[in-house]
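Have a look at the structure below, then the notes.
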Amino acid sequence: GIQVEQSPPDLILQEGANSTLRCNFSDSVNNLQWFHQNPWGQLINLFYIPSGTKQNGRLSATTVATERYSLLYISSSQTTDSGVYFCAVERSFGNEKLTFGTGTRLTIIP
Amino acid sequence: EAEVAQSPRYKITEKSQAVAFWCDPISGHATLYWYRQILGQGPELLVQFQDESVVDDSQLPKDRFSAERLKGVDSTLKIQPAELGDSAMYLCASTGWNTEAFFGQGTRLTVV
């Protein structure tokens, strides 16, 4: 099956800093999503971005499908940004599972 | 706002007992997933439904786990008998055609 690798596994930053999280995948995909897992365990949708660039407030994401990677940018980090960020990919809609990476644990220090 | 509903939120059960989880997907979403997430790891698929049909249950431990989606809407995941190693977060998600997947709040299972 498709392999999804995220880096770094852990990231500790001071409040106000910027961060870049990376997701590499081993095959062509039709679906790529970024999630933030909150302290209660729910996966919150951040971006649906199989290709291109999107921005939502302090967060933005870029997927370069031809080179099989995606980047999540967080600017001016806040303590509420802490948590685990997951990238998940699917090769073809409705026919294959959403495969998750191992996540990046982000800790923002006040 | 439409959301995926799961219940219960938390469940503590003794090993060898039976336990069941329920999921109601977003209205109109044909694809429903059950994932299991062990602490410190990413979610892993247990079973995927397309309407009422199972698309992928290759990672479902069928000797003790069962899942159904009889009318192609809500779904139930059952474990019988529960083992200590089943302690995890169980996540349900749904998606329509060519749309992003949305997850419910999950059920945190503790087997004692």
Side-chain angles (χ1 to χ4, degrees), chain A residues 1-10 21-25 29-52 54 56 61 63 70 72 83-107, chain B residues 1-6 8-11 23 25-26 28-51 53-60 72 87-110:
Chain A
I2 192 168
Q3 304 299 312
V4 184
E5 297 181 352
Q6 291 186 243
S7 60
D10 292 280
L21 284 58
R22 187 177 178 102
C23 171
N24 292 332
F25 43 95
V29 298
N30 283 332
N31 179 11
L32 187 146
Q33 293 183 238
W34 282 98
F35 296 92
H36 177 212
Q37 191 160 40
N38 67 22
W40 296 273
Q42 185 173 8
L43 290 166
I44 306 299
N45 290 41
L46 296 178
F47 293 103
Y48 164 58
I49 187 167
S51 64
K54 291 186 177 180
N56 184 3
T63 297
S70 183
L72 177 67
V84 183
Y85 290 80
F86 287 103
C87 165
V89 303
E90 181 182 8
R91 281 190 292 196
S92 60
F93 286 111
N95 295 325
E96 295 197 19
K97 62 185 177 182
L98 202 58
T99 300
F100 282 77
T102 51
T104 292
R105 179 174 297 278
L106 177 64
T107 303
Chain B
E1 181 175 299
E3 60 180 29
V4 178
Q6 285 189 249
R9 291 286 307 278
Y10 305 93
K11 181 69 177 180
C23 172
I26 292 173
H29 279 191
T31 303
L32 184 148
Y33 308 88
W34 283 102
Y35 281 83
R36 178 170 62 182
Q37 185 179 21
I38 296 170
L39 192 64
Q41 300 181 16
E44 293 188 342
L45 183 75
L46 289 174
V47 60
Q48 177 182 345
F49 289 93
Q50 183 71 22
D51 298 310
S53 300
V54 173
V55 174
D56 184 351
D57 64 356
S58 58
Q59 300 304 309
L60 187 71
S87 294
M89 175 74 89
Y90 290 82
L91 296 161
C92 179
S94 71
T95 182
W97 182 251
N98 279 12
T99 64
E100 61 191 294
F102 291 89
F103 282 77
Q105 293 181 307
T107 296
R108 191 175 298 277
L109 173 68
T110 302

TODO: Give the member of A:Gln37, A:Arg105, A:Gln42 that has the highest number of heavy-atom pairs under 4.5 Å with chain B.
DONE: A:Gln42

- [ ] Between chain B and each of A:Leu32, A:Asn45, A:Asn38, A:Thr102, count heavy-atom pairs under 4.5 Å; write down the option with the most.
- [x] A:Asn45

Open item on the list: So, taking the atom named CD in A:Gln33 and the one named CZ in B:Phe103, what distance separates them when rounded to the nearest 0.5 Å?
Closed with: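 Spacing of CD (A:Gln33) from CZ (B:Phe103) equals 7.5 Å.
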
- [ ] Please round to the nearest 0.5 Å and tell me the distance separating atom OG1 of B:Thr99 and atom OH of A:Tyr48.
- [x]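 Reported to 0.5 Å precision, the distance equals 7.0 Å.
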
Task: Option that, when pairs with chain A are counted at under 4.5 Å, heavy atom only, ranks first among B:Gly42, B:Ala93, B:Ala101, B:Ala30 - done: B:Ala101

TODO: Check whether B:Phe49 gets within reach of chain A through its side chain, its backbone, both or neither, counting any heavy atom under 4.5 Å.
DONE: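 Interface part for B:Phe49: neither.
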
Open item on the list: Taking side chain as everything from C-beta outward and backbone as N, CA, C, O, which of these in B:Gln37 sits under 4.5 Å from a heavy atom of chain A? Side chain, backbone, both or neither.
Closed with: side chain

Least distance between heavy atoms, [X] atom then [Y] atom:
X       : Y       : answer
A:Lys97 : B:Tyr33 : CA-CE2, 4.1 Å
B:Tyr35 : A:Leu98 : OH-O, 2.5 Å
A:Gly41 : B:Leu91 : O-CD2, 4.0 Å

Task: All ring pair (Phe, Tyr, Trp, His ring centres under 6.0 Å) counterparts of A:Tyr85, not counting sequence neighbours - done: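 Once residues adjacent in sequence are excluded, the partners of A:Tyr85 under the ring pair (Phe, Tyr, Trp, His ring centres under 6.0 Å) criterion are A:His36.
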
TODO: Using the test ring pair (Phe, Tyr, Trp, His ring centres under 6.0 Å), find all partners of A:Phe25 that sit at least two apart in sequence or belong to another chain.
DONE: none

Open item on the list: With a 6.0 Å cut-off (strictly less than), is the heavy-atom count around CD of B:Gln41, excluding the residue itself, greater than 12?
Closed with: yes

Open item on the list: For A:Gln6, which atoms come within 4.5 Å of any heavy atom of chain B: side chain, backbone, both, or neither?
Closed with: neither

